[in-house]
Amino acid sequence: MHQIAVDTPFRNGAQWTWDGKAAAPTFSPSVSITLKFVSNSGRASLVCYDRK
């Protein structure tokens with residue numbers, strides 16, 4: 001599970017805006033959550049970051 005601060009900023013001040021659409025939300029700055037598989041291991045690593 002991931003949390004995105006839209007109403008109250010995180011302690012570090014990070015906060016996003018949200019267009020209010022639950023079915024197809026848009027956040028600013030954009031958010032990307034990617035599942036990548038490590039070569040030849042069959043294991044996945046989760047990469048989370050925001051793009052500005």
Taking distance alone, no hydrogens or angles, what donor-acceptor pairs closer than 3.5 Å link side-chain atoms of residues 19-26 to residues at least two apart or in another chain?
residue	atom	partner	partner atom	Å
D19	OD1	K21	N	3.0
D19	OD1	T26	N	3.3
D19	OD2	T26	N	3.4
D19	OD2	T26	OG1	3.3

Audit row: F27, I4, side-chain contact (heavy atoms from CB on, under 4.5 Å) steps and yes/no = CA-CA 9 Å; F27 297 96; I4 299 172; 4.1 Å; yes
Can you give me every donor-acceptor pair (side chain of residues 5-14, partner residue at least two apart or in another chain, under 3.5 Å) with its distance?
residue	atom	partner	partner atom	Å
N12	OD1	A14	N	2.9

Would you say the side-chain atoms of W16 pair up with the backbone N or O of S28, donor to acceptor, closer than 3.5 Å?
-> no
